[in-house]
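Just so we're clear, the structure is a prediction, and the values are computed from it rather than from any experiment. Numbering of ligands and ligand atoms starts at 1, following listing order. Positions are given from 1 along the sequence. FYI, side chains are in, hydrogens and waters are out, and symmetry mates aren't considered; it's all heavy atoms of this structure.
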Amino acid sequence: MNSTHHHADGTTPTTTVEYWEAFYAEREQVWSGRPNALLVREIAGVAPGSALDLGCAEGADAIWLAQRGWQVTAADVSETALARARAEAQRLGLSEQIGWQRHDLAESFPSGLFDLVTAQYLHSPPAQDGERTRILRRAAEAVAPGGLLLIVGHAEWPSWVVEPPLHVHFPTTAEVRAGLALDPAEWQVEVDEVVDLEHAGPEGQPGTKKDNILRIRRR
Ligand SMILES: C[S@@+](CC[C@H](N)C(=O)[O-])C[C@H]1O[C@@H](n2cnc3c(N)ncnc32)[C@H](O)[C@@H]1O
């Protein structure tokens, strides 16, 4: 359910919240409503517990987790996206299982420890240098002992994106791991992989994309 980031009017909003509010305001529904394939691949076999979804967007991953018995806290900077997510969860009778929280994760962060902390494509064109690294470090701190940190990101733009709209650096898994600087005595990397996926463009044009995936367990 990834997409490139377009601006309707060509302007460049400056702050994280302005950028993402403009992104969601452009369309009534931005994402497909389906959970991310790599979340499903990694977590379908994991016994449910508490989960934190960072950059939850319109809520498809959080809803999928809740449907599988997870108690979910889901955070995003966009109130527009959260309102859509909340409405969909309500429609599905999942309001009790998901707490939706608005945060600019560079500034505030959901409290608590979680059996799963997931960050799916937490890329943000307006983010300052090092911001994503700080957010992911904070994400690691939120993992309960025995729990999982799952970080999925683009390795590159999908094949059908000829001119990437804005500069975004997509870190390699090695870069993400270096940024996290996790103590191997406390953390075990279970999956460190680059995955090629079929990925159709917005007009249905066939294509591929490459994603990075890290699944790290806190001992
Ligand atoms: C590329 S989208 C990915 C959305 C979703 N996780 C998915 O996989 O489809 C990034 C999402 O993260 C949110 N986001 C980006 N930076 C953020 C920040 N600093 N704090 C909270 N949310 C942020 C955006 O609003 C957006 O919904």
One residue to check: [X]. Relative to ligand 1, which of side chain, backbone, both or neither has a non-hydrogen atom less than 4.0 Å away?
X: V77; answer: both
X: V152; answer: neither
X: Y121; answer: both

State, without any angle test, whether [X] and [Y] hold a side-chain donor-acceptor pair at a distance under 3.5 Å.
X: T80; Y: E21; answer: yes
X: T118; Y: Q120; answer: yes
X: H103; Y: S108; answer: yes
X: D196; Y: T208; answer: no
X: S124; Y: W20; answer: yes

Which atoms of ligand 1 are found less than 4.0 Å from any heavy atom of [X]?
X: D104; result: 18 (C), 19 (N), 20 (N)
X: A57; result: 4 (C), 5 (C), 27 (O)
X: S124; result: 15 (C), 16 (N)
X: H103; result: 20 (N), 21 (C)
X: N36; result: 7 (C), 8 (O), 9 (O)
X: Q120; result: 3 (C), 5 (C), 6 (N), 7 (C), 8 (O)
X: G55; result: 4 (C), 5 (C), 6 (N), 11 (C), 12 (O), 13 (C)
X: Y24; result: 25 (O), 26 (C), 27 (O)

Are the side chains of [X] and [Y] in touch, meaning some heavy atoms are under 4.5 Å apart?
X: R134; Y: R137; value: no
X: D192; Y: N212; value: no
X: L150; Y: L39; value: yes

Heavy-atom nearest option to atom 18 (C) of ligand 1, drawn from L122, T118, L105, T15: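 Heavy atom nearest to atom 18 (C) of ligand 1 belongs to L105.
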Between L38, D76, T80, which one has a non-hydrogen atom sitting closest to atom 25 (O) of ligand 1?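 Considering heavy atoms of L38, D76, T80, the nearest to atom 25 (O) of ligand 1 sits in D76.
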Any N or O of C56 closer than 3.5 Å to N or O of ligand 1: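 Such a contact does not occur with ligand 1.
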Mind checking whether F23 has a heavy atom under 4.0 Å from ligand 1?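 No, F23 has no heavy atoms under 4.0 Å from ligand 1.
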Kindly state whether the ring of F170 and the ring of H123 have centres lying under 6.0 angstrom apart.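 Distance test on ring centres: under 6.0 Å, yes.
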Does atom CG of D183 have more than 12 heavy-atom neighbours from other groups under 6.0 Å away?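 Above 12, so yes.
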